[in-house]
> 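First the structure, which I've put down as structure tokens, then a few questions once you've had a look.
For ligands, and for the atoms within them, numbers begin at 1 and follow the listed sequence. We use all heavy atoms of the structure for the numbers below, so side chains are in, but hydrogens, waters and symmetry mates are not.
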Amino acid sequence: MINNLSFVKNLFRTYLSGESNWTFYSFSGNEIDLDPEKNFGLYLHVPFCKTMCLYCPYYKVYFRQELAEKYINAVIDEIKMYAPLLRTAKLTTLYIGGGTPTLIIDGLMKITGIIRRTLGFDGPIGIETTPADINEEKIAMLMDMGVKYLSIGVQSFHNRFLQCMGRDYESEKAIKAVEIASKYKFDTLNIDMIFAFPGEGLKELKKDMEIAVKLSPDQITCYPLFTFPYSTIGRFLKLRRLRLPPINVRRKMYYFLHDFLEAYGYRRTSVWSFTRYSKIPYSSVTRDYYVGFGPGAGSYTGERFYFNTFSIEEYVKALEKRLPIALEMKVSKKLEKLFWLYWRLYETVIPIERYSVMFGSNIYKDFGFLLNLIKFLGFVKSADKDKIVLNKYGCHWIHLLQNYFALDYVSKIWSVCQKNPWPEKVKL
Ligand SMILES: C[S@@+](CC[C@H](N)C(=O)[O-])C[C@H]1O[C@@H](n2cnc3c(N)ncnc32)[C@H](O)[C@@H]1O
Ligand code: SF4
């Protein structure tokens, strides 16, 4: 059955991308393939945490001061290596993710200063952190650094879910953290929530959302609990020590979030996010092209995907001589178009004209079958010559497909790279 499913999946993706070989190979060049005429977002991965949450798939290690110092110096070297390539490119935004980036707030001041001076970056900065690491002093430092977008990983206001997932704060602290951040004028303040924890039902989700809307952040992002097979929770699930809510309950939760948050003045801005009408939605993942710094960071130039090594020690060592890129994958024009469409589906709106401007061709000519299929299946709220907008059912299906395709790919790359810092290849 699983073999049949992967056969269908491979057939479908080959049809859509015109590419049957989706494989990352070990990086063989000295430079990344980058067109300085394009716009790029920047990403900085800060892989330090004080706790290891059970569900977390990201590359991170326990925070140690001396390791953090080596990391900061290496990141600065990496940024300087990119300077000849990026100085003339248009750099739109900088997103700092992790891990828990605010653990090295002094280092971030230094790194963002280097990014501004060496790469000529002057755009807005976004950053994510956990309630456990928020206080007045840190928030004031983020404002000084030029942070316009702050995302707080609240996850839940139920102490029992926080506790069983290994979070190191209680509901009260999470509320306080959002209240502190709300006093400052960030362009967008987002909170991340997770739903469908083992043992969670609609009643608990409703309580979480009531607290969330009362705190009134600009954006609320609600992820269903992903159980990456290599994360601790993934292993527990395999041992059948944990049971997630059944699929019909998870579907009801998904629809509930849509109806509840729309009733409280939020509009859907991605398959997971809801944003106040007056605010610009902010996302860490939807740049057209981006360059990533730090161990485990990815870059996407339209021509290729790259991943840096997922080991701080190897990252620091590599930067004594060269870029710390471990893997690369060539991207055909059709795959680049498909990737663009994938992120527009994630945003739940497909702007027709933007596609023509970006790729010089008609989206219906390239992806007519897929677009007509989503209309036929009843996933579309409205479609005109400007844009196609997904409805609540479409969003639900896209998020299921996303789990099936994208999270599987992420899981494959991240699990191999966290075991081997320099893999020979990763076949998706
Ligand atoms: C790098 S983490 C956030 C920053 C911070 N370290 C924290 O934990 O609050 C990014 C976000 O991804 C979401 N996330 C991480 N792992 C997840 C999983 N297994 N399932 C669902 N959401 C997840 C969480 O909502 C989290 O806030
Ligand atoms: S969820 Fe956040 S705090 Fe927890 S281990 Fe992952 S990155 Fe660190």
> Between Leu244 and Leu225, which heavy-atom pair has the shortest distance, and what is it?
CD2-CD2, 3.8 Å

> With a cut-off of 6.0 Å (strictly less than), are more than 12 heavy atoms of other residues, nucleotides or ligands near NZ of Lys148?
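Open: at most 12 neighbouring heavy atoms sit under 6.0 Å from NZ of Lys148.
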
> Do the two ring centres, one from Phe307 and one from Phe27, sit under 6.0 Å apart?
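Ring-ring flag for Phe307/Phe27: false, centres at least 6.0 Å apart.
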
> For atom 6 (Fe) of ligand 2, check which protein N, O or S atoms are under 2.8 Å away and list them.
Cys56 SG

> If you look at every heavy atom in Leu215 and Ser182, which pair is closest and at what distance?
O-OG, 4.4 Å

> How close do Gly123 and Arg116 get, heavy atom to heavy atom, and via which atoms?
O-NH1, 4.3 Å

> Among Tyr62, Tyr58, Tyr71, Tyr59, find the residue that satisfies the ring-ring contact (aromatic ring centres under 6.0 Å, His included) test when tested with Phe48.
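With Phe48 as partner, Tyr62, Tyr58, Tyr71, Tyr59 yield a single ring-ring contact (aromatic ring centres under 6.0 Å, His included), made by Tyr71.
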
> So, are Asp288 and Arg344 salt-bridged, with charged N and O less than 4.0 Å apart?
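Yes.
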
> Can you confirm whether the side chains of Arg276 and Ser216 place a donor and an acceptor under 3.5 Å from each other?
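Short answer, yes.
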
> Is a side-chain donor-acceptor pair under 3.5 Å present for Glu136 with Tyr184?
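Judged by distance alone, the side chains do pair up.
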
> I need the minimum non-hydrogen distance between Gly292 and Asn308, along with the two atoms involved.
O-ND2, 3.9 Å

> For ligand 1, what is the set of protein residues having any non-hydrogen atom at a distance below 4.0 Å?
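Close residues (ligand 1, cut-off 4.0 Å): Tyr55, Pro57, Tyr58, Gly98, Gly99, Thr100, Glu128, Thr129, Thr130, Gly153, Gln155, Arg167, Asp192, Ile194, Tyr223, Pro224, Leu225, Phe226.
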
> If you count the atoms of ligand 2 from 1 in the order shown, which ones are under 4.0 Å from a heavy atom of Arg167?
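Near Arg167, meaning under 4.0 Å from one of its heavy atoms, ligand 2 has 1 (S), 2 (Fe), 3 (S), 4 (Fe).
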
